[in-house]
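Computed from a prediction, not measured in an experiment: that's the story for all the values here.
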2 protein chains.
Amino acid sequence: MKVSDRTIERLSLYYRYLYILFQQGTQFISSKHLASLVGLKPEQVRKDLSYFGSFGRTGKGYEVVSLQRAIAKILGLEQGRKVAIVGVGNLGMALAGYKGFEALGFRIVAIFDSSANKIGKKYKGKVCHDIADFKEVSKKEGVEMVILTVPSEVVQEVAQSVAAAGIKAILNFAPVNLNVPKAVKVNNIDLASELKRLSYYAQGNRKDAD
Amino acid sequence: MKVSDRTIERLSLYYRYLYILFQQGTQFISSKHLASLVGLKPEQVRKDLSYFGSFGRTGKGYEVVSLQRAIAKILGLEQGRKVAIVGVGNLGMALAGYKGFEALGFRIVAIFDSSANKIGKKYKGKVCHDIADFKEVSKKEGVEMVILTVPSEVVQEVAQSVAAAGIKAILNFAPVNLNVPKAVKVNNIDLASELKRLSYYAQGNRKDAD
DNA sequence: GCGTGTGAAACCATTCACAGCT
DNA sequence: AGCTGTGAATGGTTTCACACGC
């Protein structure tokens with residue numbers, strides 16, 4: 001099955017709100033209501049879900065709990081994905097200590113750096129490994145996703161090692177376009193670019209302004 | 001003129017690489033070369049630029065310096081945009097102290113919080129104002145963009161005040177879909193959603209895998 | 001009656017292909 | 001010869017509209 005990136009992006013948003021609805025004790029939700037929460041059209045919600053099956057009940061909407069479970073299954077969130085952080089600088093350390101991960105079903109199972117004075121030391125309760133040992137350690141720990149918080153100058157090289165070790169999902173914080181095999185999905189978080197984009201709209205250039 | 005969000009997003013990427021090329025002393029660059037740097041097709045680069053004018057020289061490519069300047073003008077980066085940070089928690093403070101802003105042409109001119117024990121105190125050299133005074137202070141300081149690092153529970157309310165004060169661009173770190181007038185552009189940075197999306201691809205679900 | 005699921009239509013973005021300039 | 005700028009064609013995503021089930 002081929003589903004667009006856009007759809008996957010939205011599924012993670014639906015999941016967020018389903019979780020809140022679940023906590024509030026809501027049992028059923030219509031595509032209309034869910035759409036209004038995430039700021040989309042109802043048809044969009046239905047179409048996105050339809051790529052994976054029929055989760056709703058005609059006339060009633062979607063059962064919150066079961067839809068949540070279904071999306072968790074699609075996204076592979078059930079079994080607690082194992083994550084590695086590569087680059088133990090300020091950002092990397094902050095992320096390594098971020099409590100929110102567990103709640104989301106992610107577990108940081110290994111951290112890596114290349115500098116001799118970090119390797120072997122403990123950060124946030126985890127031993128820092130040598131990047132050179134990435135393949136070996138990541139195999140042993142069962143790493144499935146990698147967060148890259150290394151400097152721009154080396155990120156391409158590191159990404160290649162990570163890809164070579166068979167990792168299929170990378171979250172990259174360096175402001176560099178990573179060149180990796182197509183089978184690997186890279187998402188970028190880049191504060192600088194985000195700000196530059198926004199600057200355009202700060203001038204009032206909204207495509208569909210009221 | 002109406003230009004798509006996608007185009008604006010890419011312009012900020014072009015800008016990044018033009019800056020690097022400039023530092024390297026490169027004088028001219030072809031759409032082909034620039035495209036390869038950002039991981040796109042040459043036609044895409046040319047089309048994006050064509051929405052705003054003709055910046056290239058036939059047979060030679062684009063002059064790095066003048067293209068960089070042109071994009072800076074489009075994105076409104078020339079005059080040093082004034083930014084406010086609302087929400088002085090861990091993340092807000094980290095951002096307030098982030099040196100990279102200046103280099104990008106952004107200036108943090110005000111910080112805000114609602115808690116009585118923060119208001120009036122100095123953080124990273126800036127006095128923390130009361131959110132209740134947002135309109136007044138932001139007018140006085142000439143704030144053009146706002147970064148929201150407040151808790152999810154209050155972010156919608158805060159966003160409304162910000163929008164009401166006439167701000168047209170918001171960067172939101174809370175995992176909540178903000179409901180604001182269409183004239184206001186909101187970009188979200190949400191680590192949790194980013195990870196959930198990636199989880200899907202960690203399973204090897206790449207649409208166009210090799 | 002209300003709300004899902006889904007083909008078909010409309011819309012938007014990307015890619016192609018080439019004319020035109022240096 | 002090389003590369004830009006851009007209409008036209010293609011491909012993809014969103015929206016419409018309606019049949020069907022509760």
Grab the CG-P distance between A:Leu49 and C:dG5 for me, whole Å please. 7 Å
Please pick, from D:dT14, C:dT14, D:dT15, the nucleotide with the shortest atom-to-atom distance to any side-chain atom of A:Arg10. D:dT14
When you check the phosphate oxygens OP1 and OP2 of D:dG12, does a side-chain N or O of A:Ser4 lie under 4.0 Å from one of them? no
How long is the line joining CG of A:Asp48 and P of D:dT15, in whole Å? 11 Å
Please determine whether a side-chain nitrogen of the Lys or Arg among B:Glu144 and B:Lys82 lies less than 4.0 Å from a carboxylate oxygen of the Asp or Glu. no
Below 4.0 angstrom from OP1 or OP2 of C:dA13, is there any side-chain N or O of B:Gln44? no
Return no unless some side-chain N or O of A:Arg6 is found under 4.0 Å from OP1 or OP2 of D:dT14. yes
For C:dG3, does either OP1 or OP2 sit under 4.0 Å from a side-chain N or O belonging to A:Lys60? no
Using whole Å, what does the distance between atom C1' of nucleotide C:dT6 and atom CZ of A:Phe52 come to? 16 Å
Does A:Glu194 come within less than 4.0 Å of A:Arg197, counting only side-chain N to carboxylate O? yes
In whole angstrom, what separates A:Lys47's NZ from C:dA10's C1'? 12 Å
Charged N to carboxylate O below 4.0 Å: is that the case for B:Asp5 and B:Lys185? yes
Within the structure shown, what part of the strands sits under 4.0 Å from B:Thr7 by heavy-atom distance: base, sugar-phosphate, or nothing? nothing
Report the distance from atom OH of B:Tyr14 to atom P of D:dT4, rounded to the nearest whole Å. 12 Å
Considering heavy-atom distances to DNA chain D, does B:Tyr62 or A:Thr58 have its closest nucleotide positioned more toward the 5' end? B:Tyr62
With the side chain defined as heavy atoms from C-beta on, A:Glu43 is closest, among D:dT15, C:dC21, C:dT14, to D:dT15
Can you check the A:Leu67 CG to C:dG5 C1' distance for me, whole Å? 14 Å
Geometric class of the B:Phe52/A:Tyr200 ring pair [parallel <30°, tilted 30-60°, perpendicular >60°]: perpendicular
Does A:Arg6 come within less than 4.0 Å of A:Asp48, counting only side-chain N to carboxylate O? no
In whole angstroms, how far is the C1' atom of D:dT4 from the CZ atom of B:Phe55? 13 Å
So B:Gly56, base contact, sugar-phosphate only, or nothing? Heavy-atom distance under 4.0 Å. sugar-phosphate
Spacing of B:Ile8 atom CD1 relative to C:dA13 atom C1', expressed in whole Å: 14 Å
Please determine if a side-chain N or O atom of B:Arg46 lies less than 4.0 Å away from the OP1 or OP2 oxygen of C:dC18. no
